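Structure record follows, encoded as structure tokens.
None of these values were measured; they are calculated from a predicted model. Below, read A as the first sequence line, B as the second, and so on, with proteins coming before strands; counting in each chain starts at 1.
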There are 2 protein chains.
Amino acid sequence: MTNNSVPTLDDVARRAAVSTATVSRCLNSPEQVSKATRARVDDAVKALGYTPNFGARVMAAKRTNTIGAIIPTMENAIFARGLQAFQDGLRAKGYTLLVASSSYKSDLEEEQVRALIARGADGLLLIGHDRSKTILSYLAARNVPALVAWAHDPEAVLPSIGFDNFEAMFNLACKVIAFGHRKIGLISAAIESNDRARARVMAVRHAMDQADISPGNLHIIETEYGIETGAMAFQQLVESGTVPTVVFCGNDVLAVGAMKQAQKMGFNVPSDISITGFDDIEIARVVSPELCTVHVPHRKMGARAADILIDMVEGHPYPHTTQLDASLEIRGSLSAAPK
Amino acid sequence: MTNNSVPTLDDVARRAAVSTATVSRCLNSPEQVSKATRARVDDAVKALGYTPNFGARVMAAKRTNTIGAIIPTMENAIFARGLQAFQDGLRAKGYTLLVASSSYKSDLEEEQVRALIARGADGLLLIGHDRSKTILSYLAARNVPALVAWAHDPEAVLPSIGFDNFEAMFNLACKVIAFGHRKIGLISAAIESNDRARARVMAVRHAMDQADISPGNLHIIETEYGIETGAMAFQQLVESGTVPTVVFCGNDVLAVGAMKQAQKMGFNVPSDISITGFDDIEIARVVSPELCTVHVPHRKMGARAADILIDMVEGHPYPHTTQLDASLEIRGSLSAAPK
DNA sequence: GCGTTAAATGTAAGGGCTTACATTTGGCAA
DNA sequence: TTGCCAAATGTAAGCCCTTACATTTAACGC
């Protein structure tokens with residue numbers, strides 16, 4: 001080792017008086033090396049403060065042990081939570097996480113897919129199934145495994161892990177309808193390019209249909225993610241026609257915004273208007289009344305996603321789709337429809 | 001190009017009838033190449049579907065254009081928010097983000113520092129100044145620039161961007177004391193190994209000292225991050241002796257837990273007990289009464305951190321410390337002390 | 001003690017790119 | 001036309017690992 005620079009494998013080998021191959025084996029498959037040699041090498045590594053050169057390692061091994069995740073935004077607590085669990089799962093198996101965000105824009109997502117692959121990601125975690133053919137074939141051509149989370153669709157090309165957005169919202173809607181609600185509002189995230197939002201809207205429609213409620217009784221407002229936007233959407237909903245007796249919201253954050261706005265406008269929640277959310281994040285239990293919502297196992301999903309994606313990357317068998325349960329959380333913000 | 005494998009620089013060079021150096025220059029500093037040649041090379045690149053080999057590139061250039069961030073946890077909204085802004089800033093300048101989390105444990109942080117450097121991070125974003133000498137010298141030896149965020153300390157070895165935790169909390173404490181509060185509770189995150197928490201506690205002490213309030217009037221409970229733990233800490237505080245007239249909390253999440261618990265135990269907030277938070281995340285405005293807190297510019301900090309760290313990595317001049325303002329948000333959860 | 005085999009270790013060949021330095025080209029002033 | 005210089009391009013030396021294959025060592029049964 002030239003005395004001022006970063007130590008290399010060679011330096012370690014020389015110091016431990018073994019070949020570079022042995023040092024490499026100590027690092028990558030220690031079981032192949034005798035105990036005594038291993039100890040000597042470990043000492044040398046420690047003494048020199050050696051860390052393998054990443055580029056050289058990638059080049060020789062053709063793997064980076066890095067997994068990329070492209071999520072809409074970390075500011076959304078559900079993704080932050082899932083991503084945290086995902087990262088923990090990755091770390092446990094020696095992988096590192098590359099993060100990029102798409103801001104819910106599919107062209108940005110494409111750019112990020114290319115960026116992460118160019119950066120050497122061995123595998124990719126994506127959100128939802130909405131995705132252009134172009135990017136799908138790019139993934140295939142580069143032979144990079146990708147797993148979709150927060151969605152469940154056995155028919156889709158890419159393997160996925162998630163829950164059935166349609167079914168979960170359908171169950172909630174049936175419950176709500178059983179409470180006597182007929183005039184229904186719905187505040188949703190952008191439906192185009194968001195298959196989860198789409199499925200949830202369709203579920204409400206389907207439940208209404210099954211209960212013989214005319215589709216004309218459903219009023220939908222699309223808006224962006226946020227408490228403020230939820231509040232504005234609620235106001236819009238109320239001002240634009242008949243006041244609904246229940247407002248479904250695409251997620252808890254929108255629901256909290258809607259609830260706050262409802263209360264501000266003098267409605268009593270739930271006796272005048274019921275409000276429901278989706279996700280069951282902390283905020284749902286903090287507001288009063290507590291928010292009726294759908295509990296989604298975000299952490300579990302993140303953790304399982306890590307295991308599955310690693311199996312994919314390492315060529316082990318893995319399930320094409322994994323379905324998790326999303327359960328109803330009936331809480332104070334839902335009650336019978338007013339007479 | 002052997003007809004079945006991934007194309008290399010060589011293949012492109014051959015096809016465009018130039019040298020590999022020229023192709024490389026086309027990709028990395030196109031202004032050095034004549035227009036005609038560039039066009040020919042671009043065509044070849046496109047025709048072959050060439051993407052540079054990441055490992056080789058890293059090895060030759062000794063840079064990955066990747067920045068690592070080690071944060072306690074993404075589940076904490078303040079870090080999620082800051083990290084999102086950080087990532088956006090990175091992306092704008094062609095860098096990619098590697099994420100690891102320390103769970104507030106310094107040994108885990110050390111492990112992650114090594115892991116991210118081993119993965120080729122060109123620079124590192126760290127939280128707070130508490131850090132062992134070992135890791136500091138490792139960073140120095142590897143010559144990897146690191147920037148500390150969420151803290152401001154001109155004396156510290158590592159450059160930093162943040163606000164003065166002491167000053168911010170001190171200002172809040174003075175305000176609170178001016179409201180007549182003398183019996184003071186404080187719910188804090190673990191003080192050891194968290195310089196932000198420590199500074200905030202010291203600030204309250206200092207403000208009390210300045211107002212001639214005996215240190216005996218301060219009761220501190222240390223607990224982990226979370227709404228539940230905040231609630232438990234509040235209960236503990238109340239049950240373990242004199243009931244305070246104000247409870248400072250180390251962050252908004254703890255504060256919301258404390259407030260909920262206070263209300264559950266029959267206290268009126270703020271007329272019986274005032275409660276304050278720190279951070280000013282969304283949840284602070286959702287609870288009622290709204291939470292009095294300190295506003296921290298998390299997004300701005302993340303964005304600026306990206307710019308500074310890139311300057312460090314690229315060898316441009318940069319400020320050793322950057323201080324941002326944290327402003328008081330006096331809201332409904334704080335009022336005069338009861339008589 | 002010998003032969004056989006498995007375990008441990010060594011040798012050396014890539015792997016694809018960047019870049020310092022060398023060389024060629026071309027434009028322009030005299 | 002000549003000479004000079006800057007611009008454009010080429011040459012080839014690394015960069016530091018991993019791993020296939022070769023060699024040495026150790027263990028064991030007879």
Just to be sure I understand the rule, does B/Ser24 reach a base, reach only the sugar-phosphate, or reach nothing, if contact means heavy atoms closer than 4.0 Å? base
Return the value, rounded to whole Å, for the distance between atom CG of B/Leu27 and atom P of C/dG16. 16 Å
Whole-Å distance, A/Met59 CE to D/dC15 C1', equals 8 Å
Rounded to the nearest Å, what distance is computed from the CZ atom of residue B/Arg14 to the P atom of nucleotide D/dT11? 13 Å
Checking all strands, does A/Val18 fall into the base, sugar-phosphate, or nothing category for heavy-atom contacts under 4.0 angstrom? sugar-phosphate
Answer with base, sugar-phosphate or nothing: what part of the nucleic acid does B/Thr37 contact at a heavy-atom distance below 4.0 Å? sugar-phosphate
Using only side-chain N and O atoms of A/Thr22, determine if any of them is under 4.0 Å from OP1 or OP2 of C/dA8. no
Taking only N and O in the side chain of A/Ser19, is any of them less than 4.0 Å away from OP1 or OP2 of C/dT11? no
Interatomic distance, B/Gln32 CD vs C/dA20 P [rounded to whole Å]: 10 Å
Under 4.0 Å: is that the gap between some side-chain N or O of A/Thr8 and OP1 or OP2 of D/dC16? no
Counting the atoms with a prime plus P, OP1 and OP2 as sugar-phosphate, which does A/Val33 contact under 4.0 Å by heavy atoms, base, sugar-phosphate, or nothing? sugar-phosphate
Rounded to whole Å, how long is the line connecting atom NZ of A/Lys35 with atom P of D/dA26? 18 Å
Let me see the working for B/Arg15 and B/Asp43 under salt bridge (Lys or Arg N to Asp or Glu O under 4.0 Å), right down to the final yes or no. CA-CA 9 Å; B/Arg15 182 168 180 125; B/Asp43 285 351; over 6 Å; no
Under a 3.5 Å cutoff, is there a donor and acceptor pairing between the side chains of A/Glu110 and A/Ser132? yes
Output the rounded distance in Å from NZ (B/Lys62) to P (D/dC17). 11 Å
Using a heavy-atom cut-off of under 4.0 Å over every strand shown, decide if A/Phe54 touches base, sugar-phosphate, or nothing. nothing
Would you say a side-chain N or O of A/Ser34 is under 4.0 Å from OP1 or OP2 of C/dT9? yes
Can you tell me if the side-chain N/O atoms of A/Tyr50 get under 4.0 Å from OP1 or OP2 in D/dC17? yes
Can B/Arg81 and B/Asn76 be said to form a side chain to side chain donor-acceptor pair (under 3.5 Å), step by step? CA-CA 9 Å; B/Arg81 189 176 285 192; B/Asn76 185 329; over 6 Å; no
Rounded to whole angstroms, how far apart are CG on A/Leu9 and C1' on D/dC17? 6 Å
Does a side-chain N or O of B/Asn53 approach OP1 or OP2 of C/dG15 to a distance below 4.0 Å, or not? no
Please report whether the ring centroid of B/Trp150 lies less than 6.0 Å from that of B/Phe163. no
Atom pair distance, as rounded to whole Å: CZ in B/Arg25 and P in D/dT9: 8 Å
Take A/Lys93 and A/Asp307 through the salt bridge (Lys or Arg N to Asp or Glu O under 4.0 Å) test and state the conclusion after the steps. CA-CA 9 Å; A/Lys93 297 197 174 173; A/Asp307 290 340; 3.4 Å; yes
Base of C/dG15, side chain of A/Arg57 - is there a donor-acceptor contact under 3.5 Å? no
